[in-house]
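Residue numbering restarts at 1 for every chain, and letters A, B, ... go by the order of the sequence lines. Being a predicted model, the structure only gives us computed values, none of them experimental.
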Amino acid sequence: MSDKVRVRIAPSPSGNLHIGTARTALFNYLYAKKTGGTFVLRIEDTDAERTEQAYVDNIFDSLKALGLNWDEGPDVGGEYGPYTQSQRFDIYPKYAQILLDKGYAYECFCTNEELEHEKEEAVKNHKPYVYSRKCLDITPEQREQYIKEGRKPSIRFKVEHKELVFNDMVKGELKFDTSLIGDFVIMKSNGAPTYNFAVVIDDMLMKISHIIRGEDHISNTPKQILIYEALGAKVPEFGHLGMILAPDRSKLSKRHGATAVSDFVKEGYLTDALINFVALLGWAPSDSVEIKTVDEIAQDFRINEISSSNSIFEYDKLNWMNGQYIKKMDISKLTDMIIPFLEGYDLSELSREKLEKMVEITREPLTTLKEIKDAVPYFFGEHVPLDEVKELLNTELSKNVLNKFLTLAQGWDFSDEEKIHNDLADLRTEFKEKYGYKPKETMWAIRGAITGRTRGADMVGILTVIGKEKTILRTKEALSTIKV
RNA sequence: GGUCCCAUCGUCUAGAGGCCUAGGACACAUCCCUUUCACGGAUGCGACAGGGGUUCAAAUCCCCUUGGGACUACCA
């Protein structure tokens, strides 16, 4: 047995990969990277009702997109497979039997009605619900009787009453009074293991050394430790992370917008930005440089310095960060990513080169990729709607500027960016000196005519992308609307 | 109801008894830069939940209160 760090992420495929699960996966991944350990992916599909293959695929894809590659898992295999719980069903009964044989577990024939009744009683008396142990000492005769009746037993773990203490990697010492736990079911009457049992068996068999998960699992931990102890297995280290909450401090759910990693991607968030953002929820870099790759974060990662409180998921900073990533990204890659968001435009109008140029000059104010769609309409089509700029254009100033601009444009080689840039600069100076037009007013006239807007990308860049023909056409059209 | 967790600017956080008249980032405001929007730069606004202790000294340790969260299944 080695002391190598082995961590895991064990999502259940009853939905797309949740952003919270992604963060848990990240912290596990970081811990593995930092310690030279192994990162395991296990799919917990015990609940056949809610499991769908599409979700399994989504989990795989999302994790990969985030750069959280696993060393062992359902697809890549590994020494301790299978890594899909539904393929491990024959394993659990064996261990349940061991517990039965050793007296750590017993069969329970209670019906749902009986159990419900116990619960109601507990609520009525303001007591915590603890199973009555009604079936702990049933006689063999009684057992026979139940079996004859066709009752199928569940198997309950016999909880030893004591104070259970463990040292949590992020929260410190945690104490529990196990007499409040109640003998919980480990094998359902249908033969399937319960979550608490299956995880322990799997983690034990997969030699998971450190379990980093959300604090919603804290109350499961004593149960799981009890099982490890009963089995004589080494108890792993636990670390419980605070939760990610919505701005209203409730659990992050669909009604707050995106919750799955793939939802964020559809909204135009970059997975690099997402994972970076989520890393900062509960963890801070030692050099206060916040924009970092996962590998850089791993270098600096200290698990005991994770914040133990919950954190609220606010979009402001995510948006800012996403914008930072968009600005820094390689143009060709960015263009590839942006194309799907350009739905509705005829991309064949632009060469790849011009498309990249367009992306280059429009990327700066973007906060999400989705915003590209509203930023680029004037790069496409012959004409441009002038309603927005009608008044701006209908002035002496615009008329003068556009007439001059037209002559200039007719003489330009539109691949000569520098020439255009200089001519435009001269034009601004000239009109400023001659008529007192402010530089921005001069440009507004041109921008208005060419784009139908008063704001947008760099004008020189726009011109080189749309070319001479459209420039002249649109300028003439704009001129024709001027009545002054 | 019970058990458990948590508590620094609006948000994410730095802070492990004196370095704190509490630092950074996002957001917001103002200014600068500028062919627009933006980017970038500068400045500003802005917090130790409350109350008790411990100590020469507390954001940091302890207790109580308050507030938030999780769990309370033969779901995972």
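- Between the P atom of B:C74 and the OH atom of A:Tyr106 lies a distance of 12 Å, rounded to the nearest Å.
- A donor and an acceptor atom, one from each side chain of A:Glu114 and A:Thr111, are located under 3.5 Å apart.
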Practice task
Could you give me the CA-CA distance, side-chain angles and deciding distance for A:Lys399 and A:Glu396, then say whether salt bridge (Lys or Arg N to Asp or Glu O under 4.0 Å) is met?
Solution key: CA-CA 5 Å; A:Lys399 196 166 138 185; A:Glu396 191 74 20; 5.2 Å; no
Just the table, please: protein N/O against nucleotides 3-13 of chain B N/O, every pair under 3.5 Å.
| from | atom 1 | to | atom 2 | distance (Å) |
| --- | --- | --- | --- | --- |
| B:C5 | O2' | A:Lys171 | NZ | 2.7 |
| B:C5 | O2' | A:Glu215 | OE1 | 3.3 |
| B:U11 | OP1 | A:Arg249 | NH2 | 2.8 |
| B:C12 | OP1 | A:Ile312 | N | 3.0 |
| B:C12 | O2' | A:Leu280 | O | 2.6 |
| B:U13 | OP1 | A:Gly282 | N | 2.6 |
| B:U13 | OP1 | A:Ser311 | OG | 3.4 |

Between the protein and nucleotides 39-44 of chain B, which nitrogen or oxygen pairs are less than 3.5 angstrom apart?
| from | atom 1 | to | atom 2 | distance (Å) |
| --- | --- | --- | --- | --- |
| B:G40 | OP1 | A:Gln324 | NE2 | 3.2 |

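- Atom CD1 in A:Ile361 sits about 13 Å away from atom C1' in B:U36, given to the nearest Å.
- At least one side-chain heavy atom of A:Leu369 sits less than 4.5 Å from a side-chain heavy atom of A:Leu334.
- With B:A73, B:G1, B:U35 as the choices, the nucleotide that has an atom nearest any side-chain atom of A:His421 turns out to be B:U35.
- For the side-chain hydrogen bond (donor to acceptor under 3.5 Å, both in side chains) test with A:Tyr269, the passing option among A:Asn319, A:Thr367, A:Asn322, A:Thr368 is A:Asn319; the others fail.
- Looking at the side chain of A:Arg156, the nearest of the listed nucleotides B:G24, B:A76, B:C74 is B:C74.
- Across the strands present, B:G67 finds its partner in B:C6; the criterion is a Watson-Crick or G-U wobble pair with both atom distances under 3.5 angstrom.
- Rounded to an integer number of Å, the gap from CZ of A:Phe405 to P of B:U35 is 16 Å.
- Each of B:A76, B:G2, B:C74 was ranked by its minimum atom distance to the side chain of A:Asn112; first place goes to B:C74.
- In this structure, A:Lys119 reaches the B:C74 phosphate: one of its side-chain N or O atoms is under 4.0 Å from OP1 or OP2.
- Across A:Ile297, A:Asp272, A:Leu280, a single residue satisfies side chain to side chain contact (heavy atoms under 4.5 Å, CB included) together with A:Lys292, and that is A:Ile297.
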Practice task
Run the numbers on A:Asp300 and A:Arg302 for salt bridge (Lys or Arg N to Asp or Glu O under 4.0 Å), then give the verdict.
Solution key: CA-CA 7 Å; A:Asp300 194 23; A:Arg302 296 134 286 142; 3.7 Å; yes
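- A straight line from CG of A:Asp300 to C1' of B:G24 spans 15 Å, rounded to a whole angstrom.
- Along RNA chain B, the nucleotide closest to A:Gly456 and the one closest to A:Pro193 are compared, and the more 5′ of them pairs with A:Gly456.
- Searching all strands for a Watson-Crick or G-U wobble partner of B:G1 with both distances below 3.5 Å returns B:U72.
- In this structure, A:Asn125 atom CG and B:U72 atom P are separated by 21 Å, rounded to whole Å.
- Using a 4.5 Å heavy-atom cutoff, the side chains of A:Met321 and A:Ile291 are in contact.
- Nucleotides B:A59 and B:A16 have their P atoms positioned 13 Å apart, rounded to a whole Å.
- Taking atom CG of A:Leu245 as the reference point, atom C1' of B:G69 lies 6 Å away to the nearest angstrom.
- In this structure, B:G17 forms no base pair with any nucleotide, since neither Watson-Crick nor G-U wobble geometry is met with both distances under 3.5 Å.
- Residues A:Asn196 and A:Met243 both approach RNA chain B. Their nearest nucleotides, taken by heavy-atom distance, put A:Met243 toward the 5′ side.
- Counting only heavy atoms from C-beta on, A:Lys188 has its side chain closest to B:C74 among B:C71, B:U36, B:C74.
- Nucleic acid contact class of A:Ile186 (heavy atoms, under 4.0 Å, all strands): none.
- For the 3.5 Å distance criterion, the side chains of A:Asn220 and A:Tyr195 fail to qualify, holding no donor opposite an acceptor.
- For the side-chain hydrogen bond (donor to acceptor under 3.5 Å, both in side chains) test, no residue two or more places apart in sequence or in another chain qualifies with A:Ser308.
- The distance from atom CG of A:Leu392 to atom P of B:U35 is 17 Å, rounded to the nearest whole Å.
- Here the C1' atom of nucleotide B:A76 and the NZ atom of A:Lys223 are 12 Å apart, to the nearest Å.
- There is a side-chain donor-acceptor pair under 3.5 Å between A:Asp202 and A:Tyr92.
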